[in-house]
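Here the structure is a predicted model, which means the values were calculated and not measured.
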Number of protein chains: 2
Amino acid sequence: MARTHKADPACDLIHGDFLVESPLHVAEASVDLVVTSPPYNLGVDYNSYRDRLSRDDYIDWTDRWAAEVHRALADDGSLFLNVGTRPSDPAAAWDVASVFRQHFRLQNVIHWVKSIFIAKGDVGKYPGVTRDVTVGHYKPVNSRRFVNDTHEYIFHFTKTGEVELDRLAIGVPYQDASNIERWAGAGGGVHCRGNTWFIPYPTIKFRAKDRPHPATFPVRLPEMCMRLHGVEKISRAMDPFVGLGSSALAAQSLGIDFIGFDIDEVYLEYARSRLAEPRQPDLIDAARP
Amino acid sequence: MARTHKADPACDLIHGDFLVESPLHVAEASVDLVVTSPPYNLGVDYNSYRDRLSRDDYIDWTDRWAAEVHRALADDGSLFLNVGTRPSDPAAAWDVASVFRQHFRLQNVIHWVKSIFIAKGDVGKYPGVTRDVTVGHYKPVNSRRFVNDTHEYIFHFTKTGEVELDRLAIGVPYQDASNIERWAGAGGGVHCRGNTWFIPYPTIKFRAKDRPHPATFPVRLPEMCMRLHGVEKISRAMDPFVGLGSSALAAQSLGIDFIGFDIDEVYLEYARSRLAEPRQPDLIDAARP
DNA sequence: AGAGCCGCTGAATCCTTTT
DNA sequence: CAAAAGGATTCAGCGGCTC
C-alpha cells in the first residue's frame with residue numbers, strides 16, 4: 001500500500017461551470033496539481049475543420065479555461081492534461097496543447113498506451129514475455145486509411161518548465177540483475193518509468209442506460225500523475241471537469257485534498273457514489289521501498 | 001519469409017544535397033513511398049550537416065525539402081516522417097510536422113515505442129506476460145524535471161488524406177481465443193496493429209574516424225511503413241537522408257526500387273557495405289497466411 | 001468440469017448517401 | 001457543397017451451452 005498524505009482528505013465537488021465557479025472557490029495559486037480530461041464536444045460540432053466559427057469557439061473556450069487554471073495553479077504546480085485523438089483528426093490534441101503553450105511551459109509529454117503488441121522475439125534476453133501478445137484492450141476502427149488508435153496524450157504543463165518531479169515514485173524495477181545491486185541504494189531498486197505509460201483501459205462493461213458518461217480515464221492515470229509530481233508536495237489537487245470522478249478518487253486514495261467541478265449534476269452524483277464506496281486497493285504497479 | 005516485390009531491385013545512393021540532387025534525378029510524382037528521419041537540429045554531432053541552424057533557418061530548410069518531397073511523391077503515395085524528441089523541447093517534433101501540414105495532409109500518427117514497462121497484473125486473462133518486465137532498451141536520462149524519452153513519432157503524410165492502406169500486411173494476431181477461429185478467415189488471422197508500434201531500438205555501433213552517426217532507425221521501421229502502404233503499390237521508394245541506409249535495406253529486403261541521398265560520403269559507404277552483406281532474415285513479426 | 005464453440009452487444013467510430 | 005442521418009464494420013468481452 002502506498003503511503004497516503006493525509007488521513008482524511010477533503011473533497012469538494014462543485015456543481016457548475018468551471019469558468020464561473022472556480023474564481024469564487026479557488027484562491028490564486030492555491031492549487032498544486034491539476035489533472036483533467038477536457039470535453040471534446042461542447043454541443044457544437046467543432047470537429048468539422050471547415051466550421052471555422054465553431055472550431056474557433058472551442059479554441060477560445062480552451063484559452064479561457066487554460067487562463068483560469070493558470071490563475072489557480074501554484075508557481076511550482078503541475079498541470080497534467082489528458083487529451084485523446086480521433087483517427088480522422090490526428091492533430092486535434094496538439095491543437096489543444098498549442099493553446100496551453102501560450103499560458104504554460106510544456107515540460108513533458110507522456111504517451112498513454114492503451115494497447116500494444118509485444119512480439120516474444122523482440123524482448124531479448126529478459127524472460128517475462130513467453131509468447132506474442134497484445135497487452136491491453138484493442139478497439140477496432142472501420143477504416144481503410146486510418147490505423148486504430150490505441151494512444152492518448154498526457155501533456156505535462158508547468159509555469160516555469162523547471163518543476164522538479166519525483167520520478168522514482170512511479171519507478172519501475174531494474175531489469176538487469178547487475179544494475180539492481182549497483183544502483184539499488186540510490187532509488188530503492190527502481191528507475192524512471194519514462195514517457196510511455198502502459199495503462200490498460202478499464203474494461204468495465206456498463207449497459208448503455210447505466211453509463212452516464214461516454215469516457216473516462218482509469219483512476220491509475222491521475223494517481224500516477226500525482227505521484228510523479230510528488231504526493232507530499234500537493235496540498236490540494238483540482239479537476240475542472242470531474243466527469244465520473246476518477247481524479248477525485250485518485251486524490252482520495254493518496255490522501256490529497258481535492259476540489260472539482262462539473263456542469264452535469266448526474267456525473268457528480270455518480271462520482272460521489274464512487275467516492276463513498278469502500279476504498280479500492282492501490283493498483284499502482286511500481287515497486288516501492 | 002515475406003513475399004518480395006521484385007527479384008533484383010535497383011538501389012541508387014546519390015552523394016549530395018537532396019535539395020540540389022533530387023530535382024536532377026527524380027521526375028515529378030515518380031516516387032510512391034518516402035520514409036526518412038531528417039536531421040533533428042538538436043545540436044547532435046552529425047558529420048556534415050550544420051545541425052545547429054537557428055530555429056527559423058531550420059523551419060525554412062524543412063519547408064524547402066518538404067516541398068521537394070511533395071514534387072517527387074505520387075498523388076497516391078505516402079510519406080512516413082520519423083521525428084524524435086528532445087526532452088527540453090517536447091514539441092519540436094510537432095513543429096516539424098506543422099511545416100509538413102502546409103504541404104500534405106496528416107493521415108495517421110504512429111507512435112514508435114522503443115521501451116515500455118508491462119506489469120504482469122495489467123495483462124488480464126491472456127497469458128504471455130509472466131512477470132513485470134520492461135521490454136526494449138532503457139536509456140537513462142539524468143534529470144529531475146524530465147522523464148526519460150522512450151518514444152518517437154512517425155507521421156504519415158499523404159497528398160489527399162485518403163490513401164488506402166494495407167493494414168493487415170503488418171497485422172497482429174487476434175487476442176481473444178474464442179474469436180481466433182471465428183474471424184480468422186477474413187484476414188488471415190490478424191487484425192490491424194494500431195498506431196503504437198513496439199520496435200526495440202537498434203544496437204548499431206557505428207564508428208568511423210570518430211565521426212559516428214548519432215541516430216538511425218531499425219530496418220524494421222521503414223519495412224513496416226512500406227508494408228503498411230502496400231508493397232505491391234510501390235514502384236520506387238525514396239529517402240532524402242539515407243544516413244546508415246536502413247530505409248535502403250528495407251527496400252532491398254522487400255524487393256523495392258530505391259533512390260536515396262546523403263551529403264556525407266562516409267555514411268553512404270557504410271550504407272553500401274550493409275547492402276552488400278548477406279540479406280538478413282525478415283524480422284517482421286506479423287503473422288502471415 | 002474445464003475447454004471449446006457460438007450468439008449477442010457495443011464503441012469520445014467511419015463511411016456513404018441524402019438533403 | 002456543407003451538414004445530418006442511417007448503414008457498415010470490426011473484434012473484445014461475456015454468458016450460455018455442449019462435450
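- A:Arg64 has its side chain out of reach of A:Phe18: every pair of non-hydrogen atoms, C-beta onward, lies at least 4.5 Å apart.
- In this structure, CG of A:Asn148 is placed 11 Å from P of D:dT10, rounded to the nearest angstrom.
- Computed from coordinates, the B:Asn108 CG to C:dC14 C1' distance equals 13 Å when rounded to whole Å.
- A:Arg145 places its CZ atom 5 Å from the P atom of C:dC15, with the value rounded to the nearest Å.
- Side chains of A:His103 and A:Asp63: a donor on one and an acceptor on the other come within 3.5 Å.
- Atoms CG (B:Asp176) and C1' (C:dC5) sit 12 Å apart, rounded to a whole Å.
- Here the nucleotide nearest the side chain of B:His191, chosen from D:dC11, D:dA8, C:dC15, is D:dC11.
- Atoms CG (A:Asp149) and C1' (C:dC14) sit 13 Å apart, rounded to a whole Å.
- Inspection of the A:Thr158 and A:Ser78 side chains reveals no N or O donor paired with an N or O acceptor under 3.5 Å.
- Annotated stems with DNA chain D as a participant read C:2-11 with D:10-19, C:13-19 with D:2-8, given as range with range, by first number; only runs of 3 or more Watson-Crick or G-U pairs under 3.5 Å qualify.
- In the set C:dC6, D:dA12, C:dC14, D:dA12 carries the atom at the smallest distance from any side-chain atom of A:His137.
- A distance of 6.0 Å or more separates the ring centres of A:Trp112 and A:Trp197.
- B:Leu165 places its CG atom 17 Å from the C1' atom of D:dT10, with the value rounded to the nearest Å.
- Atoms CD (B:Gln175) and P (D:dG13) sit 8 Å apart, rounded to a whole Å.
- Listed nucleotides D:dC11, C:dC6, D:dT9 differ in distance to B:Ser178; the shortest reach to its side chain belongs to C:dC6.
- Heavy-atom distances to DNA chain C give each of A:Pro140 and A:Phe146 a nearest nucleotide, and the one nearer the 5′ end belongs to A:Pro140.
- Rounded to whole angstrom, the span from the CD atom of B:Glu162 across to the C1' atom of C:dT16 amounts to 12 Å.
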Shorter than 3.5 Å, N or O on both sides, protein versus nucleotides 17-19 of chain D: list them out with atom names.
none

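- When heavy atoms are screened at a 4.0 angstrom cut-off, A:Ser37 is found touching base atoms of the nucleic acid.
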